Structure formats: structure tokens, C-alpha cells
Asker: 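If you scroll down you'll find the structure; I have some questions about it.
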Amino acid sequence: MNVHSCTIIVISMNLERSKHLHYLNALGQGQDELDFWLKQHLHVSAIYWSCMSYWTLNRKEELQKEQIISFLLSCLTESGGFACYPGHDDHITNTVYAVQVLLMLDSLDRIDRDKVATYVVSLQNEDGSMKGDRWGETDARFLYSGINCLALLGRLDMLNKSAAIDWILKCRNFDGGFGLCPGAETHAAYVFTCVASLAILKQLHRIDQDLLGWWLSERQTKNGGLNGRPEKLPDSCYGWWVLSPLAIIGKLDWIDRNGLINFTLSSQDQETGGFSDRREDIPDVYHTCFSLTALSLLRYPDLEPVDARFCLPLAVTKKYNL
Ligand SMILES: *[C@@H]1O[C@H](CO)[C@@H](O)[C@H](O)[C@H]1NC(C)=O
Ligand SMILES: *[C@@H]1O[C@H](CO)[C@@H](O)[C@H](O)[C@H]1NC(C)=O
Ligand SMILES: [Zn+2]
């Protein structure tokens with residue numbers, strides 16, 4: 001028998017650090033006008049994704065701190081919530097992203113925390129759930145955003161916690177996972193928001209962690225990537241949505257680390273930098289952020305540790321005793 005005939009697959013790819021920094025640096029510049037207007041609804045989110053990417057790559061000193069803060073403050077509305085862009089309506093998603101970035105930049109003193117917290121609490125419904133804005137759509141992501149935001153503001157005591165916990169537990173399914181509202185199918189992104197919410201509220205003992213860990217580890221596909229639901233294609237951002245709840249319940253070793261590193265690295269654009277959802281697609285800052293934070297959870301070398309509950313640098317949540 002010829003021993004050389006067996007094929008050994010080796011991960012030969014590396015993280016293209018300098019290309020990713022180049023990609024991030026170019027994001028704010030040279031955009032054509034149409035692109036700029038089309039993406040206005042993503043401005044505050046894109047600032048958060050890009051700050052997290054720089055930070056995870058150990059390059060937080062490259063952030064234009066004053067420029068970012070003054071842009072965020074220009075998105076603060078009368079209600080106490082933040083809009084995606086000056087002149088737009090406030091929304092819980094932009095509010096948590098803005099507060100996360102201000103905390104990363106040690107600048108929460110630039111806002112009236114009580115006013116922002118009052119805005120967040122005003123979105124809570126009687127059943128414990130939360131609306132995204134005053135027009136009323138309810139979703140587990142919005143409650144997570146509210147809980148994350150109130151914790152960062154040091155105002156978690158303003159929330160009706162018992163109602164929030166009851167509602168989150170109603171989103172749980174027989175498979176151990178969570179959906180976007182009671183009765184909805186389990187999906188990895190909602191598993192993250194519900195598990196991270198319960199972790200911040202110190203209620204992890206309320207769930208079956210082995211069953212949950214099983215559902216999450218079943219998300220790994222043959223090529224090493226993770227999907228958000230059974231039968232779906234893997235996507236690099238699910239590296240974050242699936243791994244973060246596994247990290248929170250201490251079961252990161254329930255997935256194949258090398259397979260996922262290989263899949264994630266194969267979704268980076270070797271020429272322009274940035275990550276896409278999967279190999280050969282066009283990179284964007286959202287997938288760049290969540291690929292890097294996933295690689296950090298996988299202890300890929302020389303990346304800043306990330307706190308899975310808040311999706312913030314661990315150095316920041318430690319500093320503020322979160
Ligand atoms: C919290 O919500 C529950 C359910 O709606 C309600 O019965 C309770 O009075 C609320 N608690 C506070 C402190 O508002
Ligand atoms: C590495 O990732 C590529 C692209 O997704 C995939 O085709 C290949 O099977 C993976 N290799 C291993 C060893 O997982
Ligand atoms: Zn994705």
C-alpha cells in the first residue's frame with residue numbers, strides 16, 4: 001500500500017490582516033453618491049461594525065474618535081433614542097449600536113444616560129417584550145438590544161425584568177432553541193439574542209443548556225461552516241450567531257474549530273480585503289465584523305478577546321464591570 005496516496009487537507013490560508021484594514025479604511029472614503037444615499041439606513045450600524053472590526057484586529061487607535069462621536073451625537077433625537085442618520089426616526093437598533101460605540105470610546109458621559117434609558121424603557125410592552133420603535137413591531141432582537149443598552153448605561157433596574165425574562169422563556173422551543181417571538185421557529189440569530197439576554201440578566205439556569213448546545217452544534221455543515229437553521233447554506237456571520245451562545249454556555253468545543261476557521265478564512269476576499277457571507281460573494285462590513293469576532297471566539301492568534309454577551313471587546317466590558 002502506498003502511504004502517500006492518502007490526501008491530507010491542510011488549512012493553508014491566513015487571516016489577511018493588512019488587506020482587511022485597507023478595506024475598512026476605504027469604507028468611509030470615495031463612495032459614490034448613490035451608494036451613499038442607499039446606505040443611509042445603515043450608517044450607525046456600519047460605524048459599530050467597523051469599530052468592532054478595527055478593535056478585534058488590535059487597531060483601535062486608528063479610529064477617528066472625535067469624528068465618530070460627533071456623527072453619533074448628530075443622530076440623537078428629541079426622544080432620547082438614536083436614528084440611523086441625522087433627520088431620520090429613532091430606533092432601538094441604532095440606539096444600542098450608538099451606546100456600544102460611545103462606551104468603546106470611553107464617551108458615555110457625552111449623553112444624558114437617564115434620558116436614553118427612559119427612551120429604551122418606553123419601548124417595553126406589558127408582556128415584557130420590546131418594540132423596535134414607537135410604531136410597534138416586536139421581536140426578540142429588540143428586547144436584547146434594550147437589555148444590552150440598559151446594562152451599558154447602568155440602568156438595567158429601570159426595566160421590568162421579570163416580564164422580560166418570562167417573555168424570552170416563551171420564545172423557547174422544544175428543540176432547545178429560540179425564535180423571534182413565542183411560537184416562531186428556532187433560528188440561530190434569535191438563539192443568540194435570547195441566550196445573551198438571559199446571560200446579562202443572570203438567568204442561564206432557566207434553560208436546558210445541553211439541548212441548546214446540541215441544536216447549536218448541529219449547525220455545522222460538511223465544509224466546516226455554520227448555518228442558521230437546518231437545511232440552510234452556511235454563512236460566515238453565523239460563525240458569530242452560533243458560536244456566541246455556545247461561548248456563553250461554555251460549549252465552544254462542541255463544534256469543529258479547524259473546520260470553522262477554514263470556512264471563515266475562505267470567505268475573506270483575498271484581493272480587496274473584507275469578508276463576505278461565503279466564498280466568492282462580495283464583502284461587506286457586517287460580515288467582516290462578525291467573521292472577525294467569530295475568529296476571536298475561536299482563539300485565532302492575535303485577535304482581541306470579545307465578550308459574547310454584548311459583542312464588545314472583553315477589555316471594555318471588564319473595565320466597566322459588566
Ligand atoms: C412587570 O410586568 C408584569 C406583567 O405585565 C406586571 O404584572 C408587573 O406589575 C410589572 N412590574 C413592574 C415593577 O412594573
Ligand atoms: C475549507 O473550506 C473550503 C471552502 O468552504 C471547503 O471547500 C473545504 O472543504 C474546507 N476544508 C476543510 C478541511 O474543512
Ligand atoms: Zn450572513
Side-chain angles (χ1 to χ4, degrees), residues 20 23 39 41-42 45-46 48-50 52-53 56 93 97 117-131 136 138-143 146-147 150 155-171 180-182 186-193 197-198 201 203 206 216 219-221 223-246 255 260-269 273-298 306 311:
H20 296 314
Y23 172 81
K39 288 186 178 152
H41 68 290
L42 287 177
S45 330
Y48 165 76
W49 297 325
S50 117
M52 271 311 283
S53 302
T56 308
T93 304
Y97 281 154
T118 302
Y119 162 79
V120 173
V121 172
S122 76
L123 298 174
Q124 192 176 25
N125 299 312
E126 263 186 35
D127 66 359
S129 65
M130 212 173 257
K131 301 188 276 272
T138 288
D139 182 316
R141 279 176 304 177
F142 303 150
L143 182 54
I147 290 170
L150 290 170
R155 301 289 186 275
L156 211 44
D157 53 340
M158 289 168 66
L159 183 78
N160 186 331
K161 282 193 214 170
S162 61
I165 294 163
D166 288 347
W167 190 82
I168 293 167
L169 292 175
K170 280 187 206 145
C171 296
L180 79 94
C181 63
T186 296
H187 184 291
Y190 298 104
V191 174
F192 162 71
T193 58
S197 297
L198 292 173
L201 298 172
Q203 298 293 319
R206 308 283 294 271
L216 290 166
R219 303 282 55 76
Q220 193 155 34
T221 64
N223 65 6
L226 304 175
N227 62 18
R229 280 179 291 165
E231 313 299 327
K232 299 285 174 187
L233 284 175
D235 173 334
S236 63
C237 71
Y238 286 104
W240 175 261
W241 307 120
V242 174
L243 278 187
S244 50
L246 279 172
I255 55 121
L260 182 55
I261 289 177
N262 171 58
F263 175 84
T264 309
L265 292 180
S266 74
S267 68
Q268 54 183 351
D269 192 311
F275 290 77
S276 54
D277 54 355
R278 64 188 69 91
R279 182 179 213 144
E280 326 256 274
D281 283 348
I282 295 170
D284 61 70
V285 64
Y286 167 88
H287 286 94
T288 302
C289 168
F290 293 115
S291 296
L292 289 169
T293 54
L295 288 169
S296 165
L297 286 184
L298 292 167
V306 174
C311 201

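When a ligand or atom number is given, it counts from 1 through the structure's own listing order. Remember, it's a predicted structure, so these values are computed and weren't measured experimentally.
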Asker: Any idea which heavy atoms bring I147 and L156 closest together, and the distance?
Answerer: O-CD1, 3.7 Å
Asker: Taking the side chain from N125 and the backbone from D127, do they hold a donor-acceptor pair closer than 3.5 Å?
Answerer: no
Asker: By atom name, which N, O or S atom of H287 is the nearest to the Zn ion (ligand 3)?
Answerer: NE2
Asker: Using a 3.5 Å distance criterion without hydrogens, assess whether the side chain of S236 forms a donor-acceptor pair with backbone atoms of R278.
Answerer: no
Asker: Which of the atoms of ligand 1 are close to E126, meaning less than 4.0 Å from one of its heavy atoms?
Answerer: 4 (C), 5 (O)
Asker: Closer than 4.0 Å and a protein heavy atom, does any atom meet both conditions relative to atom 12 (C) of ligand 1?
Answerer: yes
Asker: Donor-acceptor pairs under 3.5 angstrom involving side-chain atoms of residues 237-244: please list them, not counting sequence neighbours.
Answerer:
from : atom 1 : to   : atom 2 : distance (Å)
Y238 : OH     : H187 : NE2    : 3.3
W241 : NE1    : Y286 : OH     : 3.2
S244 : OG     : W240 : O      : 2.7

Asker: Taking I165's backbone N and O only, do any of them form a donor-acceptor pair with Q203's side chain (distance below 3.5 Å, no angle check)?
Answerer: no
Asker: I'd like to know if atom 2 (O) of ligand 1 has any protein heavy atom within a distance of less than 4.0 Å.
Answerer: yes
Asker: Which residue owns the protein heavy atom closest to atom 8 (C) of ligand 1, what's the atom, and how far is it?
Answerer: N160 ND2, 3.8 Å
Asker: Is there a side-chain contact (heavy atoms from CB on, under 4.5 Å) between W49 and F290 once you walk through the steps?
Answerer: CA-CA 8 Å; W49 297 325; F290 293 115; 3.6 Å; yes
Asker: Any protein heavy atom lying closer than 4.0 Å to atom 5 (O) of ligand 1?
Answerer: yes
Asker: Please confirm if an N, O or S atom belonging to D235, backbone or side chain, lies less than 2.8 Å from the Zn ion (ligand 3).
Answerer: yes
